[in-house]
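Quick notes on the structure that follows.
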Amino acid sequence: MKQNKPKKIQIMIIDLGSQYTQIIRRSLHYLGFHSIILSPAKSLKWIEENKPKGIILSGGSASVYDADAPIIPKAIMNFGIPILGVCYGMQWLTYINDNNSVHKVRDGKSYGPVEISLNNKSPLFKGLRVKINAWSSHGDSVKRVPIGFRVTATSKEGKVIEAIECLSKKLYAVQFHPEVEQTEDENIILNNFAEKICNCKKDFFQKDVIKEIRENTKKILGNGTAIIGVSGGVDSTTLAAILAPALGDKLKAFLIDTGGMRKDEIRKIKEMTKNVHINLEIIDQYKNRFIQKISQSIDAEKKRKHFRTVYGEIFKKVAKSYGATHMIQGTLATDLIESGSTGKSVLIKTHHNVDLDLGLKEIMPLSDLFKFEVRHLARLFGLGELVASRQPFPGPGLYLRIIGVPVSNELLEIVREADDEVKKILKKHKLYNKISQTIVALLGVNTVGVKGDGRVYGYSIVVRTVETVDFMTVKGFYLSPEVCEEITSTLVKHPKIVRVFYDFTPKPPATTEFE
Ligand code: XMP
């Protein structure tokens, strides 16, 4: 029988601690190129043994002047393998070639979109427009170019150096992040680097992913029985739909009604999962346990941890009742990165479903993928647009949307109704599907208002609408004054709601959720 040749890893990515390192790998994968992420310490030996066709240095939060800055072996430049430095990677390449070239910026760090002018003679930028919007997230910047290098992109009317290259040494560097969706290059920069500069060959296609997910999961499960918690969101629903036909009776799908779900959600999820042949059991007897535990704190991290504790307890009970050996999770790469479970990047938020110690073997078939890929899979798999473009909702749900006061049944009801009203208005104006995520939260700080002839000392609602593709970065989706006015006048009809705020802050610095 013909054996499939193992795929050769073509690009090595050196992880210097960026939140976006995994996105570099997935973007390369999406483009058809296999790559590997390694720490700086392991990089040199790996290059010697595997001779990759290209090397990418990720970004990172350090400054090249920090005492504990990542130490990259200089010898990686001795092999004649093309190197692309991204953000910190660019600063390192510059610094290593000229020790006075990096400018340590204390104020005025650059986070967010920048308009960049590209020099199309650079092989890295072939096929791109002369100006593109790119995503920057850096403290230090390059103030002068080492000998042998030339500037290939700038911003702020030529004042800021955004990209450099040294063709003879095959060194390329960009200050912005070509891997994130906010950089409007449609992945051309990474594709140019891999295909044109490193001569990599495309050997991976998206349709292979479903096959791979099924085969790998079956293999790991063996004779065991798996449970999968379905939330109705894109990730878990897509995963359950992919696995249900492959695993049959060996897969038990259930949904825990936490009490933090949106209005009418359980009924809709039941319907949707039935359509894609998932046999879903609803577990709804533990809502009060969630409220009682989470109401013990108003601190964002403590609330997340309490949610996770109760979620874990219930999961355990359910698993026992099914005699399960494994649990299958729809956890994405983004969740793992932001929970600090991969590489060097810092913990931003505890996620309810990461590293739960349930005494079951965990299978995370999507842990390699980003949101844009899961949506793509949902479509490939024939799940309706409803699933594919459904707005995401965090596992802890409305519990994360009551800010500054202990959660209670009453507040959950207020925020659930407000969320539903906002959704109806956005749908009426045909905006809902253009927005990546809408967050309606209750601010528990009382402020004074007047209703009728009386003084009211009540709550505020904050409406946050954002657009993004990968949720690693987001930008505000600005609502028109008319839409804001309609939302405000609808929400303040509630006797306890006095004000409505609107929040269009990008991520970074603000995360998508408030907590
Ligand atoms: P942040 O707020 O971290 O959110 O920018 C990024 C995306 O993840 C969702 N999110 C969660 N999803 N469990 C989830 O399943 C969680 O604990 C959780 N926290 C945030 C968030 O709604 C956004 O879509």
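Order of listing sets the numbers, starting from 1, for every ligand and every atom in it.
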(request) Walk me through it: do T505 and D503 pass the test side-chain hydrogen bond (donor to acceptor under 3.5 Å, both in side chains)? (result) CA-CA 6 Å; T505 319; D503 175 11; 2.5 Å; yes

(request) Kindly determine whether Q22 and R25 satisfy side chain to side chain contact (heavy atoms under 4.5 Å, CB included), including the steps that lead there. (result) CA-CA 5 Å; Q22 294 285 345; R25 190 172 71 80; 3.7 Å; yes

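Taking the centre of each ring, Y286 and Y311 stay at or above the 6.0 Å mark.
Under 4.0 angstrom from ligand 1, the non-hydrogen atoms of P396 all belong to its side chain. Using a 4.0 Å cut-off between heavy atoms, P394 contacts ligand 1 through both its backbone and its side chain.
Residue-ligand proximity, R304 to ligand 1, at heavy-atom distances under 4.0 Å covers atoms 16 (C), 17 (O), 18 (C), 19 (N), 20 (C). Under a 4.0 Å criterion applied to the non-hydrogen atoms of T511, ligand 1 contributes the atoms 1 (P), 2 (O), 5 (O). With ligand atoms numbered from 1 in the order given, ligand 1 contributes 1 (P), 2 (O), 4 (O), 5 (O), 6 (C) to contacts under 4.0 Å with heavy atoms of T512. Of all atoms in ligand 1, listed by their number and element, those nearer than 4.0 Å to a heavy atom of K507 are 1 (P), 3 (O), 5 (O). Listed by number with element, the atoms of ligand 1 under 4.0 angstrom from any heavy atom of P392 are 24 (O).
Of the polar atoms of R401, none of the N or O atoms is found under 3.5 Å from an N or O of ligand 1, judged by distance alone. For ligand 1, the polar-atom distance check against G395 finds a nitrogen or oxygen pair separated by under 3.5 Å.
Classified by interplanar angle (parallel below 30°, tilted 30° to 60°, perpendicular above 60°), the ring pair Y478/F504 is tilted. Ring orientation note: the planes of F204 and H34 are nearly perpendicular, at an angle over 60° on the 30°/60° scale.
For the side-chain contact (heavy atoms from CB on, under 4.5 Å) with M261, the qualifying choice from L412, I256, I266 is I266, the only one to do so.
Residue-environment remark: CD (E115) exceeds the threshold of 12 foreign heavy atoms within 6.0 Å.
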